[in-house]
Amino acid sequence: MIFDDQYQQQRIEKGHALKALGRNPYRHNITKDTSTKEFLECYDYVIQSEEKRDEHKNNTVVGRIKFLRHMGKAAFAKIEDEHGILQIYFSRESIGEEWFAEAKKLVEVGDIISVTGFPFVTKTGELSLHAKVLEIATKSIIPLPEKFHGLQDKELRYRKRYLDMIMNADVRRTFKIRSKIVSEIRHFFEERNFLEVETPMMHPIAGGANAKPFVTHHNALDVDRYLRIAPELYLKRLVVGGFEAVFEINRNFRNEGMDQTHNPEFTMIEFYWAYHNYNDLMHLTEEMFDVLLKKLKLPKKLPYGDMEIDFSKPFRKIGFREALCNIGEVPNEILDDCAQIVAYIKTKGFEVDAKLNLGKLYEELFDLFVEEKLINPTFIMDYPIEISPLARRSEENPSIAERFELFIAGREIANGFNELNDPIDQYERFAKQLQAKNAGDDEAHEMDEDYVQALGYGLPPTAGQGLGIDRLTMLLTNEESIKDVILFPAMKPLTENDELLQKDEE
RNA sequence: GACUCGUUAGCUCAGUCGGUAGAGCAUCUCCCUUUUAAGGAGGUGGUCGAUGGUUCGAAUCCAUCACGGGUCACCA
């Protein structure tokens with residue numbers, strides 16, 4: 001039975017007692033006229049005043065009791081609302097003898113109360129509210145965690161985020177910043193005449209990235225659908241249709257492992273810009289970081305963990321192959337031969353699949369020797385064509401794609417490129433991916449003929465980019481785990497022990 | 001998926017060499033009309049994550065399982 005815990009039962013009884021006194025413990029007609037923050041700002045002058053109180057004022061503040069100190073015939077409490085925390089004082093004289101005696105027993109930490117009264121300053125100099133009226137708004141029947149240490153257990157914090165939020169003001173702060181980041185990015189693109197769109201979440205073909213999709217089923221049509229791994233191919237269809245600058249901020253779903261930087265559902269912004277190229281994207285990205293840091297009042301040299309990240313423009317740019325040699329210290333002379341690369345990786349003590357093609361091996365080298373060293377914002381330019389099936393081929397060097405990725409603090413933050421708009425080339429690259437898939441690469445791209453058809457009508461020269469909102473938020477809030485910037489991160493369901501026993505018997 | 005650390009009262013945590021369960025906060029009963037993690041006195045509260053095993057005896061040792069953290073693998 002739920003709520004059968006002794007403490008919860010006690011509190012349920014208190015709720016009944018309140019009701020018996022004609023005080024509904026779950027009222028809905030509670031209004032407040034002042035937030036805790038407004039109260040403190042508004043009556044700041046009382047601190048300077050001679051009387052240390054202003055009995056002509058009368059305000060109603062509502063909040064959750066976080067601290068409660070009874071002292072015989074008077075009491076102090078701290079009540080918290082979204083914007084802050086305020087001390088209130090009430091006594092036998094101020095709220096009435098009978099109600100004071102009852103409230104002493106029936107009103108406790110965790111309850112949401114409404115108090116009406118005037119500002120005054122205590123002996124120790126704290127601006128507080130002297131309550132003349134105290135009413136219960138919501139009776140809380142589950143006791144809060146310990147007031148000093150709060151809620152520490154990470155598992156509980158993620159599973160019961162609401163409790164984490166009640167107990168931890170920093171958590172509320174982080175998610176407010178996240179909201180602000182999304183809002184400012186939206187503004188940034190709207191101001192530049194990008195159109196915000198929504199494309200399907202359920203795809204007949206999971207395209208736009210190399211990743212394992214979640215599968216679901218549409219009953220009426222009796223077909224499987226894939227939760228999208230990227231919105232890319234739909235957004236480019238819109239550019240074919242005539243929208244010259246579009247963006248979408250929404251969730252992608254990838255059926256893969258979870259760790260500090262991966263959650264199965266995560267938020268990306270993708271944007272596509274016709275008649276622009278990837279250099280324009282890089283400028284736009286630098287500008288966006290500039291604006292974000294300014295709007296969030298963060299310094300250009302931003303501390304992150306034990307690092308300091310320098311966001312001064314322009315960001316460093318370095319070619320993919322150059323990065324392997326200069327940053328990864330991979331000898332240049334081995335880079336044209338698969339066998340030598342495989343041998344090199346093995347001498348460094350890592351496993352590698354010897355059947356990989358040159359592009360994939362470059363990627364391995366990059367992940368092993370370069371990525372973690374890219375602390376300050378760095379654009380890595382000109383990717384191998386084999387690992388860039390949707391990007392435009394360079395005219396000077398057909399083995400590379402006109403593509404960049406942005407790395408910050410050793411992590412990939414963004415990926416952008418000149419879009420491949422040659423339908424024949426796209427068809428052939430899909431065909432190659434299909435071969436790889438049939439050969440066992442389960443992350444290779446699917447053939448999407450409808451998309452190739454769309455290109456057949458003509459995709460204008462376009463550059464497009466995706467940027468991970470969760471990782472960006474981690475960076476700007478100095479959080480080390482993606483779980484700390486996602487309100488409800490993915491967790492395994494809790495199984496009851498008797499269920500487990502049943503499973504064992506099966 | 002692998003390795004590793006953790007899981008003890010509602011919460012935060014102790015628990016020695018294997019000898020039968022502890023503290024603080026919360027809660028309950030009292031005292032207290034300016035407290036600040038209020039204070040003082042006294043109480044209640046435990047299937048030590050689960051299941052097996054070793055042992056005269058298991059929170060403690062062993063095995064399996066569950067969940068979580070970290071590292072790695074996977075993941076542009």
Side-chain angles (χ1 to χ4, degrees), chain A residues 5-11 13-14 52-53 66-78 85 87-94 100 105 108-110 120-126 128 130 141-159 163 167 208-212 229-230 254-264 266 320 350-351 359-360 362-364 366-367 371 380 383-384 386-391 401 403-405 407 411-415 417 442-443 445 466 468 480-481 483 489 491-501 503-504:
Chain A
D5 172 274
Q6 54 169 327
Y7 301 108
Q8 298 174 15
Q9 282 297 319
Q10 274 172 8
R11 295 179 76 119
E13 284 308 314
K14 290 180 183 184
K52 298 290 180 196
R53 54 175 55 214
K66 296 296 287 290
F67 299 91
L68 184 55
R69 297 181 278 274
H70 284 290
M71 291 169 306
K73 300 179 186 65
F76 285 93
K78 294 230 168 163
I85 192 158
Q87 176 165 267
I88 63 156
Y89 170 85
F90 60 100
S91 67
R92 196 171 67 169
E93 269 72 54
S94 74
F100 183 84
K105 291 182 210 150
E108 56 200 321
V109 171
F120 80 112
V121 177
T122 64
K123 272 183 184 169
T124 51
E126 180 167 348
S128 308
H130 186 117
I141 60 168
I142 306 181
L144 292 180
E146 199 236 0
K147 62 190 170 190
F148 185 54
H149 298 93
L151 185 66
Q152 298 293 330
D153 187 300
K154 283 207 165 158
E155 180 169 359
L156 265 181
R157 289 184 48 210
Y158 298 141
R159 285 191 197 279
L163 188 57
M167 297 309 295
N210 300 344
K212 294 184 199 92
I229 55 175
R254 297 189 184 175
N255 206 341
E256 282 156 2
M258 294 154 60
D259 62 26
Q260 283 194 335
T261 54
H262 296 83
N263 194 67
F266 63 101
F320 191 95
F350 298 102
E351 298 279 314
K360 291 243 176 194
Y362 275 26
E363 194 178 19
E364 287 287 325
F366 188 86
D367 290 348
E371 185 169 13
I380 300 293
Y383 273 65
E386 297 95 324
I387 56 170
S388 314
L390 302 166
R403 169 185 173 194
F404 66 85
E405 288 195 342
F407 291 84
R411 287 184 198 133
E412 183 201 342
I413 294 290
N415 176 23
F417 41 85
D442 56 358
E443 272 141 25
H445 230 282
E480 60 183 18
S481 169
K483 283 188 164 74
M491 300 289 278
K492 274 201 195 181
L494 293 172
T495 38
E496 296 294 329
N497 286 313
D498 46 350
E499 280 176 34
L500 287 174
L501 288 175
K503 269 187 194 166
D504 284 353

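All chains are named by letter (A, B, ...) in the order of the sequence lines, taking the proteins before the strands, and each is independently numbered beginning at 1.
For B:rU34, its base never sits under 3.5 Å from the side chain of A:T124 at any donor and acceptor pair. Donor-acceptor pairing under 3.5 Å, judged by distance alone, is present between the side chain of A:D259 and the base of B:rC74. Checked by distance alone, A:T122 brings a side-chain donor or acceptor within 3.5 Å of a matching partner on the base of B:rU36. For A:K123 against B:rU35, no side-chain N or O and base N or O form a donor-acceptor pair under 3.5 Å. The base of B:rU27 is not paired with the side chain of A:E108 by any donor and acceptor separated by under 3.5 Å. Counting distance only, with no hydrogens placed and no angle test, the side-chain atoms of A:E126 and the base atoms of B:rU36 include a donor-acceptor pair under 3.5 Å. Taking only distance into account, the side chain of A:R403 meets the base of B:rA76 through a donor-acceptor pair shorter than 3.5 Å.
A:N263 places no side-chain N or O within 3.5 Å of a backbone atom of A:F266 that could act as its donor or acceptor partner. Using a distance-only test at 3.5 Å, with no hydrogens or angles considered, no donor-acceptor pair links the side chain of A:R69 to the main chain of A:F76. Between the side chain of A:H130 and the backbone N or O of A:I88, no donor-acceptor pair lies under 3.5 Å. Listed for the A:E480 side chain is no donor-acceptor partner under 3.5 Å among the backbone atoms of A:Q260. Formation of a donor-acceptor pair under 3.5 Å by the A:S128 side chain with backbone atoms of A:E126 is found in this model.
If you take NZ of A:K105 and P of B:rC30, they are 7 Å apart, rounded to a whole angstrom. In this structure, A:F67 atom CZ and B:rA26 atom P are separated by 11 Å, rounded to whole Å. A:D5 places its CG atom 10 Å from the P atom of B:rG46, with the value rounded to the nearest Å. Separating the CD atom of A:Q8 from the P atom of B:rA26 is a distance of 18 Å, rounded to the nearest angstrom. When rounded to the nearest whole Å, the span between OH of A:Y7 and C1' of B:rC11 equals 10 Å. Summarising the geometry, the separation between NZ on A:K66 and P on B:rU36 is reported as 19 Å, rounded to the nearest angstrom. Regarding A:L68, its CG atom lies at a distance of 10 Å from the P atom of B:rA26, rounded to whole Å. Residue A:Y89 contributes atom OH, which lies 17 Å from atom P of B:rA38 at whole-angstrom precision.
Across all strands shown, A:R53 has heavy atoms under 4.0 Å from base atoms, whether or not it also approaches the sugar-phosphate. At a threshold of 4.0 angstrom between heavy atoms, the contacts of A:A75 with the nucleic acid are absent. Heavy atoms of A:N415 sit nowhere under 4.0 angstrom from any nucleic acid atom. Note on A:R11: nothing from the nucleic acid sits closer than 4.0 angstrom, heavy atoms only. Residue A:P389 is classed as a base contact, given a heavy-atom separation below 4.0 Å to a base.
Dashed line: the shortest gap from a side-chain N or O of A:R69 to OP1 or OP2 of B:rA38 is under 4.0 Å. One finds a side-chain N or O of A:K147 lying less than 4.0 angstrom from the OP1 or OP2 phosphate oxygen of B:rA26. The side chain of A:K154 places no N or O atom within less than 4.0 Å of a non-bridging phosphate oxygen (OP1 or OP2) of B:rG68. One finds a side-chain N or O of A:Q260 lying less than 4.0 angstrom from the OP1 or OP2 phosphate oxygen of B:rG70.
Taking atom C1' on both B:rU51 and B:rA14, the two are 27 Å apart, rounded to the nearest angstrom. Remark: the separation of the P atoms in B:rC17 and B:rC13 is 23 Å, to the nearest Å. Comparing the C1' positions of B:rC31 and B:rC67 gives an interatomic distance of 45 Å, to the nearest angstrom. Taking atom C1' in both B:rU60 and B:rU55, one finds a spacing of 13 Å when rounded to whole Å. Between the C1' atoms of B:rG39 and B:rG49, the separation comes to 38 Å (whole Å). The same atom, P, is picked in B:rA73 and in B:rA63; the two are 27 Å apart, to the nearest Å. Taking atom P in both B:rA21 and B:rU12, the straight-line distance is 23 Å, to the nearest Å. To the nearest whole angstrom, the two C1' atoms, one in B:rU71 and one in B:rA38, are 45 Å apart.
Atom NZ of A:K14 is surrounded by more than 12 heavy atoms from other residues, nucleotides or ligands within 6.0 Å.
Of the candidates B:rA76, B:rC74, B:rC32, B:rC32 carries the atom nearest the A:K73 side chain, counting heavy atoms from C-beta on. Distances were taken from every side-chain heavy atom of A:I387 (C-beta onward) to each of B:rU34, B:rA76, B:rU27; the shortest belongs to B:rA76. Taking the side chain of A:Q6 as heavy atoms from C-beta on, and the options B:rU12, B:rG45, B:rC67, the nearest nucleotide is B:rG45. Taking every side-chain heavy atom of A:H149 into account, B:rU12 is the closest of B:rU12, B:rC67, B:rU35. Checking B:rU12, B:rU36, B:rA76 against the side-chain heavy atoms of A:E146 singles out B:rU12 as nearest.
When both pairing distances are held under 3.5 Å, B:rG1 makes a Watson-Crick or G-U pair with B:rC72. Base pairing annotation: B:rU47 forms no Watson-Crick or G-U wobble pair, as no partner gives both donor-acceptor distances under 3.5 Å. Across all strands shown, B:rA41 is found opposite B:rU29 as a Watson-Crick or G-U wobble partner, with both distances under 3.5 Å. Pair assignment for B:rA14: none, as no Watson-Crick or G-U wobble contacts are both less than 3.5 Å. For B:rU7, the paired base is B:rA66 (Watson-Crick or G-U wobble, both distances below 3.5 Å).
Taking 4.5 Å as the limit, every side-chain heavy atom of A:R403 sits out of range of all side-chain heavy atoms of A:F320. With contacts defined as side-chain heavy-atom distances shorter than 4.5 Å, the pair A:K483/A:M491 qualifies.
Place A:M491 and A:E405 on RNA chain B by their nearest nucleotides, and A:M491 ends up nearer the 5' end. Heavy-atom nearest nucleotides on RNA chain B were determined for A:F350 and for A:E371, and the one closer to the 5' end corresponds to A:F350.
A stacked arrangement is assigned to A:F148 and the six-membered base ring of B:rA37, with a centre-to-centre distance below 5.5 Å and an interplanar angle below 30°.
The shortest non-hydrogen separation linking A:Y383 to A:S388 is CB-OG, 3.6 Å.
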